[in-house]
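Okay, structure first, notes after.
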Amino acid sequence: MRKSIILKTLIASGNVSLAVLDTTAAVGEGVRRHGLSPVAAAAFGRTLTAGAYLCSWLKEEESSLSVTVAGGGAGGKINVAGDGNLFMRGFVENGEVSLPPRADGKLDVGGFVGRCGTLTVIRDDGSGVPFVGTSELVTGEIAEDLSAYFLKSEQRPTAVALGVRVGAEGVLGAGGVFLQPLPGAGEEAVAFCEREIGRFASVSSLIEEKGAEGVLRMLTDGAYDAREIFFRCSCSKHKAESAVLSLGKKGAEQLLEELGEIDVHCHYCNTHYTFTREAVSRLFREGS
């Protein structure tokens, strides 16, 4: 079974960090769970790929990071989150929305996301004071918006290519390429990144055809580090039970009278934890 991975290495005489991600499996799982339309799948997949790249820099496994794209488009907000293990999850507010393709026949991700809003990154390294970075959207296509975020909030010029190819059977190829000059690298390194990123305009097709290693080999024959990426939510039945207990016995009983059962829904992975009257009674008996 195809795995989602990130490959990292240094190129351009050690002056540029290169990362290539194949997120086809992880994005496909998220699209399947949420039942996303093709354009929603493309927007979600690009955002999840961006989030996975950012999470790959987290120093501790328990560190966490989230990316929220709010552009005012028909799709509403997109939110993805992950941790130092590269366990990723996410959702699209209006994932069922479909839009006509653009004039060039491509999915209208910019129209779905919208262009009047922000991209926000929240990073928690466990220090108790999360870092929050925000930048204005440029195109709503995600890649250009992430480049703008890096330049404004991280002061790190970064060339980004992101893509998701969707077919009748689901996600065929998803991933990205990131070229980032190291601190102290000169203008030549910046120019190199700007020039080379143009080779990956159709990165989703390249990922589908070549895989992550094949795409990386377009720029280097050197060694690289590899890590696996997962679509894996942090929700659990235990957390759902804690949510029911937090209602208090009286509140839970009132909800049961109104609805007949209590449903705890995780937006990130679209999992429903359903509690019948008997299950709720047992929870409070055991809790006491």
Side-chain angles (χ1 to χ4, degrees), residues 3-4 23 25-36 40-41 44-45 47-70 75-96 120-132 227-288:
K3 296 180 179 179
S4 288
T23 55
V27 171
E29 178 64 13
V31 169
R32 183 191 66 78
R33 283 175 176 263
H34 292 291
L36 301 180
F44 169 77
T47 308
L48 186 137
T49 302
Y53 173 74
L54 290 165
C55 283
S56 74
W57 293 106
L58 294 173
K59 293 181 174 59
E60 304 293 337
E61 291 182 355
E62 61 270 19
S63 299
S64 61
L65 181 144
S66 68
V67 180
T68 302
V69 180
K77 292 182 180 179
I78 303 170
N79 184 273
V80 301
D83 58 28
N85 291 306
L86 299 186
F87 293 167
M88 306 302 300
R89 59 193 188 278
F91 65 91
V92 181
E93 193 171 24
N94 301 319
E96 76 287 351
T120 301
V121 175
I122 301 176
R123 183 174 64 241
D124 184 355
D125 290 317
S127 63
V129 183
F131 164 83
V132 180
R227 293 181 65 191
E228 191 170 355
I229 301 166
F230 308 85
F231 187 95
R232 185 176 299 176
C233 194
S234 60
C235 73
S236 67
K237 185 178 180 181
H238 176 70
K239 290 182 178 180
E241 290 173 344
S242 297
V244 174
L245 289 170
S246 71
L247 296 172
K249 188 174 182 180
K250 186 176 180 180
E253 288 176 346
Q254 183 177 351
L255 207 56
L256 285 168
E257 286 296 325
E258 295 174 3
L259 303 176
E261 60 185 20
I262 296 176
D263 179 68
V264 179
H265 176 234
C266 177
H267 289 287
Y268 280 104
C269 64
N270 203 29
T271 298
H272 290 266
Y273 298 92
T274 303
F275 298 87
T276 63
R277 186 179 299 276
E278 292 74 16
V280 171
S281 296
R282 184 171 61 253
L283 266 182
F284 281 96
R285 281 200 307 272
E286 294 172 352
S288 62

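No hydrogens, no waters, no symmetry mates; every other heavy atom, side chains included, goes into these values. Computed from a predicted model, the values in this text were never measured in an experiment.
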Are [X] and [Y] side-chain neighbours, meaning at least one heavy-atom pair lies under 4.5 Å?
{"X": "L58", "Y": "R123", "result": "yes"}
{"X": "I229", "Y": "M88", "result": "yes"}
{"X": "R282", "Y": "R285", "result": "yes"}
{"X": "R89", "Y": "L48", "result": "no"}
{"X": "N270", "Y": "H272", "result": "yes"}

Step by step, work out the side chain to side chain contact (heavy atoms under 4.5 Å, CB included) result for L255 and V280.
CA-CA 11 Å; L255 207 56; V280 171; over 6 Å; no

How many angstroms lie between atom [atom1] of [X] and atom [atom2] of [Y], to the nearest 0.5 angstrom?
{"X": "F131", "Y": "I122", "atom1": "CZ", "atom2": "CD1", "result": "10.5 Å"}
{"X": "D83", "Y": "S63", "atom1": "CG", "atom2": "OG", "result": "8.5 Å"}
{"X": "E253", "Y": "I262", "atom1": "CD", "atom2": "CD1", "result": "9.5 Å"}
{"X": "F91", "Y": "K77", "atom1": "CZ", "atom2": "NZ", "result": "8.5 Å"}
{"X": "N94", "Y": "I78", "atom1": "CG", "atom2": "CD1", "result": "10.0 Å"}

What closest approach, in Å, do [X] and [Y] show between heavy atoms, and which atom pair accounts for it?
{"X": "F284", "Y": "A252", "value": "CE1-CB, 3.7 Å"}
{"X": "F231", "Y": "F44", "value": "CE1-CZ, 3.9 Å"}
{"X": "T47", "Y": "V69", "value": "CG2-CG2, 4.1 Å"}
{"X": "V80", "Y": "G51", "value": "CG2-CA, 4.3 Å"}
{"X": "A41", "Y": "V31", "value": "CB-CG2, 3.6 Å"}

Just by distance, with hydrogens left out, do N79 and T68 show a side-chain donor and acceptor under 3.5 Å apart?
yes

Check side chain to side chain contact (heavy atoms under 4.5 Å, CB included) between E61 and all other residues, then give those that pass, not counting sequence neighbours.
N85

Under 3.5 Å: donor-acceptor pair, side chain of H34, backbone of E96
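No; zero donor-acceptor contacts below 3.5 Å.
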
Backbone of A26 reached by a side-chain donor or acceptor of S4 within 3.5 Å:
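It does hold such a pair.
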
Should E29 and R32 count as an ion pair when the cut-off is N to O under 4.0 Å?
yes

Let me have the donor-acceptor pairs involving side chains of residues 232-245, under 3.5 Å, with sequence neighbours excluded, atom names and distances please.
residue : atom : partner : partner atom : Å
S236    : OG   : K239    : N            : 3.2
K239    : NZ   : S234    : O            : 2.8
S242    : OG   : H238    : O            : 3.1

Worked verdict on L86 versus E228 for side chain to side chain contact (heavy atoms under 4.5 Å, CB included):
CA-CA 7 Å; L86 299 186; E228 191 170 355; over 6 Å; no

